[in-house]
Amino acid sequence: MSAFEYVDGELRAEAVPLAGIAARHGTPCYVYSRSMLTQAYREFDAAFEGIPHLVCYAMKANSSLAIVDLFARLGSGFDIVSGGELERIVAAGADPRKAVFSGVGKTDAEMEGALAAGILCFNVESASELDHLAAVAGRMGLRAPVSFRVNPDVDPLTHPYISTGLKESKFGIEFAEAPALYRRAAAMPSISVRGIDIHIGSQITDLGPYREAAGKVLGLVDALATDGITLSHIDFGGGLGIRYRDEAPVALADYARMLRGLTGGRREALLFEPGRRLVGEAGVLLTRVRLLKPQATRNFAVVDAAMNDLLRPSLYDAWHAIDPVRPRAAEAKLWDIVGPVCESGDFLGQDRKLALQEGDLLAVRAAGAYAMSMSSNYNSRPRACEVLVDGESTLLIRRRETTAELHAQETRLP
Ligand SMILES: *Cc1c(COP(=O)(O)O)cnc(C)c1O
């Protein structure tokens with residue numbers, strides 16, 4: 001259930017009117033619901049109750065410290081993709097021993113940091129990465145825990161930019177090459193072979209690709225076992241979609257039933273790397289209409305949030321619902337909701353039927369994932385603030401950046 005509902009003609013986050021948050025903290029502002037975040041994690045975790053498993057929140061979806069802290073308190077592990085994310089989980093008080101480290105281009109320094117922190121596993125994506133990792137671990141006198149990310153060559157039926165499990169993708173190791181690589185890794189003194197993982201894409205709304213990929217990976221695990229290589233975990237990655245418009249997301253119960261059916265009786269622990277599914281629907285981006293610019297062919301509503309705050313519409317042509325915080329009774333017109341950034345691609349939504357006046361507040365929905373974490377300072381715009389709502393209380397979890405901070409690391413010519 002959404003915590004963002006209308007009560008007495010105005011949109012609230014849990015028990016707090018969004019207009020009050022905008023008045024107090026200004027706009028643009030991200031607002032998250034603690035109860036929705038908690039519920040999303042608990043639902044995922046509970047779906048696999050009774051079997052050894054670990055949910056590793058893919059924190060690139062939203063890496064704000066308070067969000068990481070919240071999931072850590074709920075017992076979550078983390079899927080990290082950089083040394084910066086490792087430092088974030090440590091700063092948030094989370095346990096690096098519950099972190100898996102994904103990504104195609106880990107540096108030696110990142111490997112060293114993760115080995116020193118004692119992470120759960122490196123998700124290794126190439127033969128060359130294995131050699132680099134073995135060398136780093138060898139120098140440190142340690143054994144690096146390793147899982148290979150294999151590429152099952154499955155079409156996740158989603159946007160090409162967020163498809164990662166096709167042969168053509170830069171991600172993962174080709175299936176046919178995996179057995180030889182496992183044999184090689186098993187013989188390396190500074191490597192400890194632990195698991196296998198897949199991640200086929202994002203915003204997946206069909207169970208079919210998951211079933212196909214899981215079947216392939218389990219077949220590979222069995223083939224490895226006949227080779228004498230036994231694994232302690234199987235990581236099914238992330239990618240479960242959410243509802244932005246009219247999608248029918250995969251029900252967690254169906255996803256879990258499918259995987260329970262395929263893995264029943266196995267001894268490996270199951271790992272998951274959900275990102276979007278845990279945070280996407282739990283956030284909105286609050287923005288205020290600066291001015292209205294009706295034109296002959298299109299009507300533009302210029303708002304104070306822009307592509308630097310929320311890149312998804314510009315980058316992937318993503319659709320987010322945009323709702324008035326206090327709906328007006330007046331006649332609605334079609335509006336393009338655009339930001340002040342100097343790019344034609346700077347829009348949050350197009351052809352939205354709304355009754356608008358200057359100064360109105362809008363809520364861009366399902367903005368909890370790949371939103372704040374993808375924000376930038378393009379056009380020298382300070383990044384937005386973030387507020388976490390918990391029942392009747394609000395907590396400013398990131399204050400708005402100042403313009404002075406934007407150039408604090410820079411120097412003028414000597
Ligand atoms: C991004 C990513 C995820 C999370 O994807 P979602 O679609 O947000 O669930 C999980 N695993 C890896 C390796 C990723 O790169």
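Start at 1 with the first residue, then count along the sequence. When a ligand or atom number is given, it counts from 1 through the structure's own listing order.
Results of the salt bridge (Lys or Arg N to Asp or Glu O under 4.0 Å) test with E405 over R381, R400, R399 single out R399 as the only residue that passes.
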Practice item. Just do the ring-ring contact (aromatic ring centres under 6.0 Å, His included) check on F171 and H199 with the steps written out, would you? Key: CA-CA 9 Å; F171 298 101; H199 175 67; 7.9 Å; no
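F78 and F71 have their aromatic ring centers separated by at least 6.0 angstrom.
Judged by distance alone, the side chain of R398 and the main-chain N or O of E386 form no donor-acceptor pair under 3.5 Å.
Here the CG atom belonging to L115 is positioned 10.5 Å from the CZ atom belonging to R139, to the nearest 0.5 angstrom.
Remark: K60 does not engage E85 in a salt bridge, criterion side-chain N to carboxylate O under 4.0 Å.
For ligand 1, the protein residues within 4.0 angstrom (heavy atoms only) are A58, K60, D79, S102, R149, H199, S202, G238, G239, E273, P274, G275, R276, Y370.
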